[in-house]
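The block underneath contains the structure these notes are about, expressed in C-alpha cells.
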2 protein chains.
Amino acid sequence: MTLRHSPREGSARRIGGEIPDATIARLPVYQRVLAALAESHVAIVSSEEIAAASGVSSANVRRDLSHLGSQGTRGVGYHVFSLLAHVTQALGISSERPVVIVGAGHIGTALAAYQGLPSRGFRVVGVVDISVDRVGFPVTESTQMRVRPLTELEAIVREGSARIGVIATPGAAAQYVCDRLVQAGVRSILNFAPVTLAVPQDVEIRQVDLAVELQILAFHEQRRTVTIPECSA
Amino acid sequence: MTLRHSPREGSARRIGGEIPDATIARLPVYQRVLAALAESHVAIVSSEEIAAASGVSSANVRRDLSHLGSQGTRGVGYHVFSLLAHVTQALGISSERPVVIVGAGHIGTALAAYQGLPSRGFRVVGVVDISVDRVGFPVTESTQMRVRPLTELEAIVREGSARIGVIATPGAAAQYVCDRLVQAGVRSILNFAPVTLAVPQDVEIRQVDLAVELQILAFHEQRRTVTIPECSA
DNA sequence: CGGTGTGAACCACTTCACAGCA
DNA sequence: TGCTGTGAAGTGGTTCACACCG
C-alpha cells in the first residue's frame, strides 16, 4: 500500500500549476515511458500511446500533462523530447538527491544496488547497519561502497546533505531509526518496516509493506472466486 | 506507487458488504495493529486508538469497520479479538495461499525470507531464477529451500496450486515471465520490475516500483523547499 | 481529419457532525 | 457519559464528450 500520512499539509501552497497528488504519482511512470521512447528515437507520441504504455486512460494522461502546462500539438501528439524534459523538470531531477539507507538486509541492499537510481537523480551516500556481520563489508559485489556502522548515521547525513532516508530494518527498530533520522535532519522517509511511524508534521513518510501488497491481491483473488465472474444485466 | 490497473472490473460484483478498494488497502494495517494489541492482551480498543496506530483518521476507521458489518460497543469501543477475527476473515486468511516468486535477486530473496508471510496466510512454494549462479543454492541462510531453474516454473505453479506470482526480475525479462505465469494459471501478480505489464482482463497486477516511491518523496521535498512553508491568511 | 485540451458530469472516498445506544 | 455508526456535506480525481486547432 502507500499510506499518505499528512492528510493535507495545512499550510504550504503549491507552486504555479497546482499539481494533484494523483498526477504526481504517475509522472515517474510517464517519465520512464518517455525515456524508453526517446531511447528508441521516437519523436512524436500520442496520449493514447502513452496511456497504453502506462496502464492509464488516455483522457487521464492528457489531464495529467495539462497540469504541467505542457504543450502538445493538436492533431499530432506530443514531442517526446520536450515532453520528457518537462516531466523531468517537474519532478525536479535537476539536482542530485542524496539518500541514506538504514538496514543492509535484502531490501536495503536491493535499493542500494538498483541501477535505476542514478538516472532518476538519486545518489546513495551511505548504507548503515547495526550488525557486526555486515558492517565493513561491501554493500554489493558490484560496488566498492561498504556498509557503515549505525553510529555514523548522523555524520553520513550531515556530510552527504541527505534529506531523504530509507528505513529497511526490522519493525522493532524502525521508530528508533526514524527518530534518529529526523533528528539528523532528514525530511522525507521511505519506510519498508511493517509499522506506522510517528513523525513531526514537517516530515513526510511513505510506507511500503510488501506483505500488504500481497494481501490486497489475495483479497481480490478470493473475491473473484466467490463472486460470479460474468454477470450480465 | 501502486497503479490500479483495471479501472473497475467491468463485471464481477462484490459480495454482501460492497467493500471499497480504499478500505481493503487499509484492512491489512488494521489487522497488524489489532494483532499487536491482542499480543499485548489488550481486550478493548477505540477507533481513536486504532486510528493513531494506523495513521488514519478515527472517522475513517469507523467507516472502514462498518463496511465489514462489524460490531463495536457504543460508549466503549471494539473487542480486539472478535474484531481481529472479523478483519482476518474479511481478508480471507482462512486458507494458506501459495505464492511463487520469480527472480532470486535481492527483492525476490527479501520476500522469500520475510517472516511475516506465513502469519498472513502466505506460503512460498518456490523461488525460480534463470541464472546458473543462483539455481540450486539455498534461497536464504535460514531456509533449506533452494532456488530452482526457470524451466520448472510451470511445474511449481501446478504442483503448488499457486495463483499468486511475484515478478522480481530485471525489467527486460518481466513481460516474458508474466506471460509464462499467466499461461501457467497464475491470476494475481505483484510486479517489482519497472515496466508496465500487459495481461488478460481477468489477471490482476499490482505494481511496486521502489524508484517511483523515492521520486514522489523527492517531488514533495522539492516543493517544500520552493514554497513558503508557513503562509497564514 | 485527428488528437489535444478542458468544461461539466460523474464517481469514490473522506470528513463532519450528531443521533443513538450501552 | 462516551464512543459507535451513519446520513449529509465536502473533496479530489476520473471520465465523458466536444470545441478547437494544426
Side-chain angles (χ1 to χ4, degrees), chain A residues 1-10 13-14 17-27 29-30 34 42-80 82-83 86-87 216, chain B residues 1-10 13-14 17-27 29-30 34 42-52 54-80 82-83 86-87 216 220:
Chain A
M1 191 190 43
T2 328
L3 265 184
R4 192 184 307 156
H5 230 224
S6 29
R8 170 63 62 203
E9 308 278 87
R13 294 296 137 73
R14 281 165 183 168
E18 196 70 14
I19 307 176
D21 283 352
T23 296
I24 293 158
R26 284 186 294 266
L27 288 184
V29 180
Y30 300 152
L34 291 168
V42 177
I44 298 288
V45 67
S46 70
S47 64
E48 200 70 54
E49 292 167 308
I50 297 175
S54 319
V56 178
S57 77
S58 65
N60 214 337
V61 169
R62 290 199 299 278
R63 177 77 66 189
D64 284 340
L65 296 182
S66 78
H67 286 299
L68 313 183
S70 99
Q71 205 65 342
T73 315
R74 296 183 189 224
V76 180
Y78 300 87
H79 192 287
V80 173
S82 80
L83 183 54
H86 254 90
V87 172
I216 295 171
Chain B
M1 189 190 43
T2 329
L3 263 184
R4 191 184 309 157
H5 230 223
S6 29
R8 170 64 59 201
E9 308 276 88
R13 295 294 138 75
R14 282 165 183 168
E18 197 71 13
I19 307 176
D21 283 351
T23 297
I24 294 159
R26 284 185 296 265
L27 288 185
V29 180
Y30 300 152
L34 291 168
V42 177
I44 299 288
V45 67
S46 69
S47 63
E48 199 70 54
E49 291 166 310
I50 298 176
S54 319
V56 178
S57 76
S58 66
N60 214 338
V61 169
R62 290 198 300 277
R63 176 77 66 189
D64 284 342
L65 295 182
S66 79
H67 287 300
L68 313 183
S70 101
Q71 204 66 341
T73 314
R74 296 180 190 226
V76 181
Y78 300 88
H79 191 288
V80 172
S82 81
L83 184 55
H86 254 90
V87 171
I216 295 171
H220 293 308

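The figures here come from the full heavy-atom set of this structure, side chains too, leaving out hydrogens, waters and symmetry mates. Naming convention: chains lettered A, B, ... in sequence-line order (proteins, then strands); numbering from 1 in each chain.
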Counting just side-chain N and O atoms, does [X] come under 4.0 Å of either OP1 or OP2 of [N]?
X      : N       : value
R26(A) : dT14(D) : yes
Y78(A) : dG5(C)  : yes
N60(A) : dT15(D) : yes

Choosing from [options], which nucleotide comes nearest the side chain of [X]?
X      : options                   : answer
P20(A) : dC13(C), dG13(D), dG22(D) : dG13(D)
S57(A) : dC21(D), dG13(D), dT15(D) : dT15(D)
A59(B) : dC20(D), dT4(D), dC16(C)  : dC16(C)
R62(B) : dT6(D), dG20(C), dT14(C)  : dT6(D)
S47(A) : dT4(D), dG13(D), dT4(C)   : dT4(C)

| said: Heavy-atom nearest nucleotide on DNA chain D for E48(B) versus R74(A): which residue maps closer to 5'? | reply: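 Looking at DNA chain D, the more 5' nearest nucleotide goes with E48(B).
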| query | Any N or O donor-acceptor pair linking the side chain of R63(B) to the base of dT15(C) at under 3.5 Å? | reply |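 Between dT15(C) and R63(B), which were checked side chain against base, a qualifying N/O pair under 3.5 Å is present.
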In whole angstrom, what separates [X]'s [atom1] from [N]'s [atom2]?
X      : N       : atom1 : atom2 : result
I44(B) : dG2(D)  : CD1   : P     : 17 Å
I50(A) : dG3(C)  : CD1   : P     : 13 Å
H79(A) : dT4(C)  : NE2   : C1'   : 16 Å
L65(A) : dG5(C)  : CG    : P     : 8 Å
D21(B) : dT14(D) : CG    : P     : 13 Å
D64(A) : dT4(C)  : CG    : P     : 13 Å
H67(B) : dT4(D)  : NE2   : C1'   : 15 Å

How close do [X] and [Y] get, heavy atom to heavy atom, and via which atoms?
X      : Y      : value
L65(A) : Y30(A) : CD2-CD1, 4.3 Å
I44(B) : H79(B) : CD1-CA, 4.1 Å
A51(B) : S57(B) : CB-C, 3.8 Å

| query | Are any non-hydrogen side-chain atoms of V56(A) and V29(A) less than 4.5 angstrom apart? | reply |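 Of all side-chain heavy-atom pairs linking V29(A) with V56(A), none is under 4.5 Å.
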| Taking the side chain as C-beta and beyond, is there a heavy-atom pair between L34(B) and Y78(B) under 4.5 Å? |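 With C-beta onward as the side chain, the pair stays apart.
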| How is E49(A) classified with respect to the nucleic acid when contacts are heavy atoms under 4.0 Å: base, sugar-phosphate, or nothing? |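 It contacts nothing in the nucleic acid.
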